[in-house]
Amino acid sequence: MKYIFIFLISLLVSAPVYAQAVHVAVAANFSVPLKEIAQAFQVKTGHEALVSVGSTGKLYTQIANGAPFDVFLAADQKRPRLAEEKGLAVMGSRFTYAMGKLALYPASSPDVLTQGDLVRLAVANPKTAPYGQAAVETLQSLKLYVPLKDKLVYGENIAQTYQFVATQNVDVGFVALSQVVDKPDKWIVPAHYYQPIAQDCVLVKDSPAARAFVDFLKGETARAIITRYGYGG
Amino acid sequence: MIEPILLTLKLAGLTTLILMVLGTPLAWWLARSQAWWKEAIGAIVALPLVLPPTVLGFYLLIALGPNSPLGQLAISIFGHSLPFSFTGLVIGSVIYSLPFVVQPVRNAFEAMGHKPLEAAATLRASPLDSFFNVALPLARPGLLTGAVLGFAHTVGEFGVVLMIGGNIPGKTKVLSIAIYDHVESLEWTQAHILSAGMLVFSFCVILIMMVSEKRMRKRR
């Protein structure tokens with residue numbers, strides 16, 4: 001009993017000395033893989049990664065106004081670059097951690113888009129979410145943007161877009177492949193239909209734990225998780 | 001930039017109208033009824049005061065979705081399910097702003113007591129007659145407060161619309177959503193203009209309400 005007590009006390013005393021918390025702001029499409037990466041990161045380094053999910057645009061605005069994030073995983077390249085330029089992030093820390101892929105779900109081919117009984121089609125807000133932009137580009141490539149414009153419903157970010165589909169409030173939606181990677185009934189949009197979705201990460205606040213997280217994200221364990229969720233390297 | 005403003009005014013106006021028509025009899029019943037379970041109804045009406053709009057939005061999304069019984073009913077009436085439509089927003093707003101109308105009106109009915117109605121009854125006024133010609137005029141300050149609060153609260157609605165609106169320009173993209181959109185897109189100039197407008201509007205609403213309520217009380 002005494003030893004258990006000493007053991008518990010030693011846990012309390014020792015844990016905070018080495019482990020630090022890393023606040024990670026992540027674009028909605030990458031939230032599920034990131035949670036897995038955060039777990040693996042904690043197992044390996046003992047540091048805890050605290051994850052905040054939002055749309056890239058909102059997270060950037062929050063960082064610009066002093067949000068306490070250490071690392072920012074965006075869904076585009078524009079906001080991390082802007083963060084560096086405006087002195088909100090560590091200069092030169094930017095790198096591409098994933099190439100996003102777009103999927104139409106639930107669907108086996110783009111034919112569902114031209115069927116007469118299509119009532120609503122969900123996309124992420126093209127102004128704020130890169131996956132929404134890619135969805136609009138895809139519709140334009142298919143020459144379907146103008147005919148389908150009135151059927152579009154806009155999710156605040158890609159997670160809400162998926163939720164519209166999951167609750168069956170829309171017939172189909174353009175979502176991130178990572179969200180439906182284990183679902184059979186999806187159409188993976190060919191890459192030439194939209195501009196590549198290069199997703200950049202930037203170090204917002206420099207600390208050993210934040211550096212460790214960024215290094216871990218570049219490492220093999222994280223790469224394997226990222227690939228498993230359908231992202232390109 | 002004018003489209004979301006007009007849409008918001010249309011939504012708030014229609015919602016207020018529906019709330020006055022539905023809310024006034026409900027407030028009357030809550031003020032007068034002797035039923036032991038009336039406070040349970042009162043509590044249900046007051047729920048949106050306490051519940052986060054996300055809870056309301058989440059349930060509305062599920063309850064009005066195309067697979068629910070309510071959703072099926074809506075499809076047979078309107079030809080489409082309610083989320084992502086203006087009709088859906090009106091229904092959401094009516095629920096969301098209900099306590100802001102019912103509470104002040106109920107208070108006004110309760111404050112007038114039984115005496116004016118008893119007097120009307122001794123003068124052989126029918127219940128309906130005394131409701132329209134005695135109770136309603138006496139409750140005028142409460143009715144005004146209810147209408148203004150219902151309108152203002154609907155203008156300020158955000159969470160519910162975010163969850164069931166779908167951000168469709170001209171249909172569900174109301175003022176608060178438009179501001180949110182501008183902020184996220186780094187279009188801070190537009191966000192500033194709309195936000196400042198909202199601030200001035202809200203201040204004026206509250207001020208006018210306070211001043212006119214005071215005047216009505218004095219006159220009596």
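Below, chain A is the first sequence line, B the second, and so on; all start at residue 1.
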Of all of B:Gly170, B:Gly165, B:Gly166, B:Pro169, which one pairs up most often with chain A through heavy atoms under 4.5 Å apart?
->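 Most heavy-atom pairs under 4.5 Å with chain A: B:Gly166.
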Chain B heavy atoms under 4.5 Å from [X]: which part of the residue, side chain, backbone, both or neither?
| X | value |
| --- | --- |
| A:Gln163 | side chain |
| A:Asn125 | side chain |
| A:Leu82 | side chain |
| A:Gln168 | both |
| A:Asn157 | neither |

To the nearest 0.5 Å, how far apart are CG in A:Asp70 and CG in A:Asp206?
->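 Rounded to the nearest 0.5 Å, the CG-CG separation comes to 9.5 Å.
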Measure the spacing between CZ of A:Phe95 and CG of A:Leu203 and express it to the nearest 0.5 Å.
->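 Reported value, rounded in 0.5 Å steps: 9.5 Å.
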Is the centre of the A:Phe30 ring less than 6.0 Å from the centre of the A:Tyr231 ring?
->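 That pair passes the under 6.0 Å test.
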B:His153 ring center within less than 6.0 Å of B:Phe100 ring center |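 Here the rings of B:His153 and B:Phe100 have centres that are less than 6.0 Å from each other.
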Ignoring hydrogens and geometry beyond distance, is a side-chain donor-acceptor pair present between [X] and [Y] at under 3.5 Å?
| X | Y | answer |
| --- | --- | --- |
| A:Ser93 | A:Arg211 | no |
| A:Glu36 | A:Tyr229 | yes |
| B:Glu187 | B:His182 | yes |
| A:Thr56 | A:Asp76 | no |

Do the side chains of A:Gln115 and A:Val112 get nearer than 4.5 Å, heavy atoms only?
->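 A:Val112 vs A:Gln115: side chains touch.
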Which residues in residues 126-141 of chain A have a heavy atom less than 4.5 Å from any heavy atom of chain B?
->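 The list, in residue order, reads A:Lys127, A:Thr128.
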